[in-house]
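Have a look at the structure below before the remarks.
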Amino acid sequence: MGNRALSVFRGDLESALYDAVAELADIRFGSTVQAIAQTSEEVVVTLSDGTRLRTELLVGADGVHSRVRELVFGAEHEYFVDLGHVVGAFPLGTVPEHVPEGAGATFIGPGRTAAVMNLGPQRSSAFFTYRCPDPAAEPALGAAAALDRAFGDLGGGVADALRQLSADPATAYFDSVGQIVMDRWSQGRVVLLGDAAWCVTVFAGYGAALALDGADRLGTAIAAHDDIPTALHTWETSLRPEVHKRQALTRRGISRFAPPTRTHVWAGEMMLRGIQFPGIRGLVRRSIQRANN
Ligand SMILES: Cc1cc2nc3c(=O)[nH]c(=O)nc-3n(C[C@H](O)[C@H](O)[C@H](O)COP(=O)(O)OP(=O)(O)OC[C@H]3O[C@@H](n4cnc5c(N)ncnc54)[C@H](O)[C@@H]3O)c2cc1C
């Protein structure tokens, strides 16, 4: 994600991953991919600092706005399926008042949802999502202005979170929500992985797991096959059904995150109350298990 807000939340994980590979990999910060050329034998990558790297396989794991995808497969709009929402998330410097530690306070209204989570000092955060006709235009407004316009009428913890954001707007992750849908994840010796290839979006609650699983399976496929094309084909064939399922589940469930109408909000509230009843709770648990299998 490459932005401060999410790296605050995931700093521990990033450090653990860095420590695990620092000795094994050549890690470069502050440079980006400028150009990619490939033959049947190799890929030549030119970095922004002018360095040229030759490799047998280039893996583009550079997120939903992937530069590798743009350079090799074409412009983002060819693959980006707009889901009509915007998401903002940022860490809270001050622990939310009136929300017990380990809990969250959520406001769900037609077309918008705000949640303030108290996970204690340094770990508390706020999450916002809203529907809008042109989500791609929202990031240009800036997180603080856009979220204030969409949620500024609310009080309590939401107002407090927005005040904290205005004081330090650079901490926010703020972007439109869209899936990446591609017919092929590789072209010759260049392969895309994770959000770059199949972004399921934040609403799936599964994107990181899918990216890690995809990476693990890619490594296994490369180790098991002598030639790269067979390895990539085997890998993609094995992973596609899971990705397809997760993307479809996310699209079907999206109205839960910012219910389109008051009726949807009411239906959601009724469902939440309904699952308190033991019989219904069992039914819901079984249907969730079925969806995940
Ligand atoms: C607010 C939010 C909450 C989420 N919560 C969850 C959750 O609870 N559970 C879950 O499973 N998933 C969650 N996700 C989804 C999850 O974060 C992603 O699916 C996952 O991070 C994808 O991993 P990735 O490695 O493919 O891409 P990313 O994590 O986006 O990593 C891409 C990396 O590439 C770098 N990069 C980008 N462009 C370039 C370039 N041109 N040159 C060099 N480097 C570049 C970036 O800096 C970044 O480090 C959430 C997403 C969001 C936005």
Side-chain angles (χ1 to χ4, degrees), residues 1-15 17-18 21 25-36 45-49 51 53 58-73 76 79-80 83 85-92 104 113-117 119 123 125-130 135 138-139 143 147 161 165 171-180 182 185 190-219 239 242-243 246-247 249-250 253-254 257-258 292:
M1 247 134 261
N3 85 37
R4 208 175 120 206
L6 294 175
S7 62
V8 166
F9 301 140
R10 295 163 189 213
D12 295 349
L13 178 60
E14 281 180 357
S15 301
L17 291 172
Y18 179 85
V21 297
D26 171 16
I27 299 175
R28 296 165 190 236
F29 294 100
S31 66
T32 182
V33 180
Q34 202 105 68
I36 298 166
V45 181
T46 308
L47 300 181
S48 50
D49 62 6
T51 313
L53 303 169
L58 173 65
V59 181
D62 49 348
V64 62
H65 302 300
S66 169
R67 173 87 170 132
V68 173
R69 187 183 62 229
E70 186 188 17
L71 288 170
V72 176
F73 296 82
E76 182 171 306
Y79 306 109
F80 188 84
L83 296 189
H85 289 63
V86 174
V87 159
F90 51 91
L92 293 171
T113 289
V116 177
M117 271 83 68
L119 300 177
R123 305 191 83 86
S125 60
F127 176 90
F128 292 80
T129 186
Y130 60 95
E138 296 291 288
L147 292 176
L165 176 64
T171 56
Y173 169 89
F174 186 65
D175 206 355
S176 60
V177 180
Q179 295 184 334
I180 296 295
M182 306 181 77
W185 295 330
V190 179
V191 62
L192 299 174
L193 176 67
D195 278 10
W198 59 68
C199 180
V200 287
T201 79
V202 50
F203 295 145
Y206 207 73
L210 214 47
L212 290 168
D213 185 39
D216 186 39
R217 291 196 205 195
L218 180 60
L239 204 57
E242 179 69 8
V243 167
R246 295 288 163 190
Q247 288 193 325
L249 277 173
T250 305
I254 201 160
F257 292 93
N292 280 320

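We count ligands from 1, going down the list as the structure has it; atoms in each ligand are counted the same way.
- Near Gly194, meaning under 4.0 Å from any of its heavy atoms, are these atoms of ligand 1: 26 (O).
- For ligand 1, the polar-atom distance check finds no N/O of Ala89 at less than 3.5 Å from any of the ligand's N/O atoms.
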Discussion item. Side chain to side chain contact (heavy atoms under 4.5 Å, CB included) for His85 and Val202? Distances and angles first, verdict last.
Written reply: CA-CA 11 Å; His85 289 63; Val202 50; over 6 Å; no

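- Heavy-atom contacts of Ser31 reach the following atoms of ligand 1: 43 (C) (cutoff under 4.0 Å).
- Taking every non-hydrogen atom of Ala209 and a distance limit under 4.0 Å, the qualifying atoms of ligand 1 come out as 11 (O).
- The residue among Leu47, Leu210, Val202, Val87 with a heavy atom at the shortest distance from atom 51 (C) of ligand 1 is Val202.
- Remark: the backbone N or O of Arg69 is not paired with any side-chain donor or acceptor of Tyr79 at under 3.5 angstrom.
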Practice prompt. Might you work through the side chain to side chain contact (heavy atoms under 4.5 Å, CB included) test for Val87 and Phe127, ending with a clear yes or no?
Written response: CA-CA 7 Å; Val87 159; Phe127 176 90; 3.8 Å; yes

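- For the side-chain hydrogen bond (donor to acceptor under 3.5 Å, both in side chains) test, residues two or more places apart in sequence or in another chain that qualify with Tyr130 are Glu138.
- Every N/O-N/O distance between Thr201 and ligand 1 stays at or above 3.5 Å.
- Between the choices Gly30, Ala208, Gly63, the shortest heavy-atom distance to atom 12 (N) of ligand 1 belongs to Ala208.
- Near Arg67, meaning under 4.0 Å from one of its heavy atoms, ligand 1 places the atoms 41 (N).
- Within the listing of ligand 1, atoms 32 (C), 33 (C), 34 (O) sit less than 4.0 angstrom from a heavy atom of Ala61.
- Which parts of ligand 1 touch Gly205 is read off a 4.0 Å heavy-atom cut-off, strictly below it: atoms 9 (N), 10 (C), 11 (O).
- Residues satisfying the ring pair (Phe, Tyr, Trp, His ring centres under 6.0 Å) test with Phe80, not counting sequence neighbours, are none.
- A donor-acceptor pair under 3.5 Å links the side-chain atoms of Asp62 to the main chain of Val68, judged by distance alone.
- Put simply, the side chain of Ser31 does not reach to within 4.5 Å of the side chain of Thr51, judged on heavy atoms.
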Item to complete: For side chain to side chain contact (heavy atoms under 4.5 Å, CB included), just list the numbers for Phe128 and Phe174, CA-CA rounded to whole Å, side-chain angles, deciding distance to a tenth of an Å, and then say yes or no.
Response: CA-CA 9 Å; Phe128 292 80; Phe174 186 65; over 6 Å; no

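- When only interatomic distances are considered, the shortest N/O to N/O separation between Tyr173 and ligand 1 does not fall below 3.5 Å.
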